[in-house]
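Reading through the structure tokens given below for one structure.
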Amino acid sequence: MVSGKRILLIVAGGIAAYKTLDLIRRLRERGAAVTPVMTQAAERFVTPLSVSALAGEAVHRDLFDLTREAEMGHIQLSRSADLVVVAPATANLMAKMAGGLADDLASTLLLATDTPVLLAPAMNVRMWTHPATRRNLGVLQSDGIRVVGPNEGDMACGEYGPGRMAEVPEILSAIEAALGAGPLAGRRIVVTSGPTHEPIDPVRYIANRSSGAQGTALARALATLGAEVVFVTGPAAVPPPQGVEIVRVETAREMLAAVEAALPADAAVCAAAVADWHVANAADQKMKKDGSGRAPVLDFAENPDILARIARRAEDRPRLVVGFAAETHDVVAHAEAKRARKGCDWIVANDVSPATGIMGGAENEVTLITGSGAEAWPRLSKDEVAQRLARRIAEALA
Ligand code: CTP
């Protein structure tokens, strides 16, 4: 799907540059042309010879290479591609881009280009989480620059956290999506995520411990495959994904309204941990102790079941409706029953007994229940579960 496309690939200086060599091979295998550019620092990590041998084209390295300027000026070079990919994108190059600096070939190309740009950041975790990098990332995203990764994991420097460059298959998917060529291009998918907050009075609410991590990872994976994602999220602990339409809600009733407003869609995935009840006698003003020593009595009313409502829509039911089921025992039997009861097509079931460490953890072990059986997946990171599920959704909608 990237066949016949030209990628201007800028390699900046980071350990992750070794993965870029494989990225070049995979792009070439898929029929893309790769014009490589390296920063001076990149040459400390991989050699221009390896890069040009794999790309099958000479590496552009110098802003003031006059012979090449005569053949192809940097302005033309920056605009001759269908997509500019920066992998790895370092903190320094991102800072230069955010500030509009142009003091070497890579930064000049990035300033001169009118072609879409995709960054695959890679850096030490402290550098990634530094307020300056956060700020620069925000600027770049509001400039319309796409970003894939970084992932969380062990880093070459010995630390652990976000900062590892996305893996090659993820970068390839992001390239396809940026070129409008991903398997979910043209598909609209609604994803619910996070907990809901159900008010007791203006300052108090009832909530649950959902972090929103799995729903966020899933929305990101679907967007990476090219889907137009509407991400309806309760107040989650993790930041929302990039490249999706974000609708923030608090209560289950608001979530239902937001999901209904987002229809029609090709698929709906309900990953939110929706409160089953709301407080029917929530107070308009802050509840005060009345001095009697008596505690207030809360009346509960059942919340709408968003998943069941969407699955039962007559006119505009999404073609694929997917729910989640968190169980602590007889996982498959309970999830099968839930699939039938709610009328959805698939259920992603997981065992959340405390011994599994899944709730609040980085990993998940799920069983995918479709109309044609139950598939137990191995224990994977939440990102990997999301990527697998996104691929399955793409197959189902193909
Ligand atoms: N769900 C929803 N709206 C609700 C409750 C649940 O959309 N009001 C969705 C969740 O997003 C999830 C699925 O339904 O996809 C499973 O919800 P769960 O709370 O596990 O199921 P329940 O129907 O509450 O069943 P039980 O409490 O018996 O486990």
Side-chain angles (χ1 to χ4, degrees), residues 189-199 205-219 222 229-238 247-263 265 267-280 300-313 317-318 320-354 356 358-360 364-371 374 382 385-386 389-390 392-393:
I189 302 183
V190 184
V191 177
T192 71
S193 182
T196 61
H197 283 186
E198 306 296 337
Y205 57 82
I206 293 173
N208 63 65
R209 293 186 199 282
S210 165
S211 66
Q214 188 63 80
T216 300
L218 184 63
L222 292 166
V229 176
V230 184
F231 183 67
V232 181
T233 178
V238 300
V247 184
R248 292 177 203 275
V249 297
E250 296 247 326
T251 67
R253 287 161 293 164
E254 286 167 10
M255 187 173 273
L256 174 66
V259 170
E260 285 176 339
L263 297 178
V269 185
C270 292
V274 184
D276 287 321
W277 299 280
H278 65 269
V279 180
F300 287 94
E302 203 164 314
N303 271 330
D305 189 317
I306 300 165
L307 175 62
R309 290 274 196 104
I310 300 307
R312 299 231 152 79
R313 283 180 73 99
R317 182 192 193 276
L320 183 69
V321 179
V322 183
F324 278 71
E327 310 287 351
T328 54
H329 56 282
D330 297 332
V331 176
V332 173
H334 279 130
E336 292 273 14
K338 198 168 283 182
R339 192 180 84 83
R341 191 167 72 242
K342 299 206 180 199
C344 60
D345 303 296
W346 297 354
I347 285 267
V348 183
N350 58 7
D351 184 344
V352 292
S353 342
T356 63
I358 281 169
M359 205 79 172
N364 208 348
E365 192 172 331
V366 307
T367 301
L368 177 66
I369 291 161
T370 64
K382 286 184 176 170
V385 169
L389 189 59
R392 289 297 294 269
I393 291 172

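The chain is numbered in sequence order, starting from 1. When a ligand or atom number is given, it counts from 1 through the structure's own listing order.
- Atoms CG and CD1, from Leu263 and Ile310 in turn, are 5.0 Å apart once rounded to the nearest 0.5 Å.
- Protein residues with a heavy atom closer than 4.0 Å to ligand 1 are Cys270, Ala272, Val274, Asp276, Pro304, Asp305, Ile306, Leu307, Gly323, Phe324, Lys338, Arg341, Lys342, listed by chain and number.
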| message | Would Asp305 and Arg312 count as a salt bridge (Lys or Arg N to Asp or Glu O under 4.0 Å) here? Give the steps. | response | CA-CA 11 Å; Asp305 189 317; Arg312 299 231 152 79; over 6 Å; no
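- When atom types are taken as modelled, the side chain of Glu365 and the backbone of Asp351 share no donor-acceptor pair closer than 3.5 angstrom.
- By the salt bridge (charged side-chain N to carboxylate O under 4.0 Å, His left out) test, Glu336 pairs with no residue at all, sequence neighbours left out.
- Atoms OG1 and OH, on Thr251 and Tyr205 in that order, are 13.5 Å from each other to the nearest 0.5 Å.
- With rounding to the nearest 0.5 Å, the separation of CG in Leu389 from CD in Gln214 is 8.0 Å.
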